[in-house]
Each structure stands twice: as structure tokens, then as C-alpha cells.
Amino acid sequence: MNNNYFNKTNGKSKIDVDKMKQAAEQGRLDDFISQNLSSENAARLNEILGSKEETERLLSSPQAQELMKKLGIK
């Protein structure tokens, strides 16, 4: 399997990291999220990103660190 795919929270679907990075660079990350996450997961992600504490907790997880490395974020 291509290592540029990242498991969604439900563990069944995949997200193409390169496409996600491209969407972010083009200012279309919200569109990407709505197209690639269930409405439930998209709402939860927006809730987390709206909370400084939750965002810091999420970004410190090993999975987030791995994704940020793949996206070239330091």
C-alpha cells in the first residue's frame, strides 16, 4: 500500500495525504474534509480544532506527528 495514505478515524477508509496537502495549500482544506470525512467526523474535527487544549492534545499524538512529517510540517 502507498504510504501516502492515512487511515480515517473509522479505520476503514483512507485519506490521500498528498491530496490533503494540496487542498491545504490551495485554501480548500474545509472542502477536502467535507468530501473525505463523514459529517460526524468532520464536525468532531472542527470541534477539536476550535479548542486550543484539544488541538494541542491532538497534535501531540504519534499519529498526528507522523501525518505532519508526511506533510512536511515541522
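Among residues two or more places apart in sequence or in another chain, the side chain to side chain donor-acceptor pair (under 3.5 Å) test is passed with Glu40 by none. For the side chain to side chain donor-acceptor pair (under 3.5 Å) test, no residue two or more places apart in sequence or in another chain qualifies with Glu25. Here Ala43 pairs with nothing under the side chain to side chain contact (heavy atoms under 4.5 Å, CB included) rule; sequence neighbours left out. Under the rule for a side chain to side chain contact (heavy atoms under 4.5 Å, CB included), Ser60 has no partner lying at least two apart in sequence or in another chain. When the side chain to side chain contact (heavy atoms under 4.5 Å, CB included) test is applied to Glu56, the partners found at least two apart in sequence or on another chain are Lys52. Every side chain to side chain contact (heavy atoms under 4.5 Å, CB included) that Ile73 has, sequence neighbours left out, goes to Met68, Leu71. Not counting sequence neighbours, the partners of Glu54 by the side chain to side chain donor-acceptor pair (under 3.5 Å) test are Arg57.
The backbone N or O of Ser39 lies less than 3.5 Å from no partner atom in the side chain of Ser34, so there is not a single donor-acceptor pair.
A distance of 8.5 Å separates CG of Leu49 from CG of Leu29, quoted to the nearest 0.5 Å. Separating the CG atom in Leu45 from the CG atom in Leu37 is a distance of 6.5 Å, to the nearest 0.5 Å.
Ion pairing between Lys69 and Glu66 fails under the 4.0 Å rule for side-chain N and carboxylate O.
Nearest approach of Asp16 to Phe32, heavy atoms of both residues: O-CZ, 4.0 Å. The two residues Lys70 and Val17 come nearest to each other via the heavy atoms CB-CG1, 4.1 Å.
Residue pairs that meet the salt bridge (Lys or Arg N to Asp or Glu O under 4.0 Å) test with at least one member in residues 26-38, sequence neighbours left out, do not exist here.
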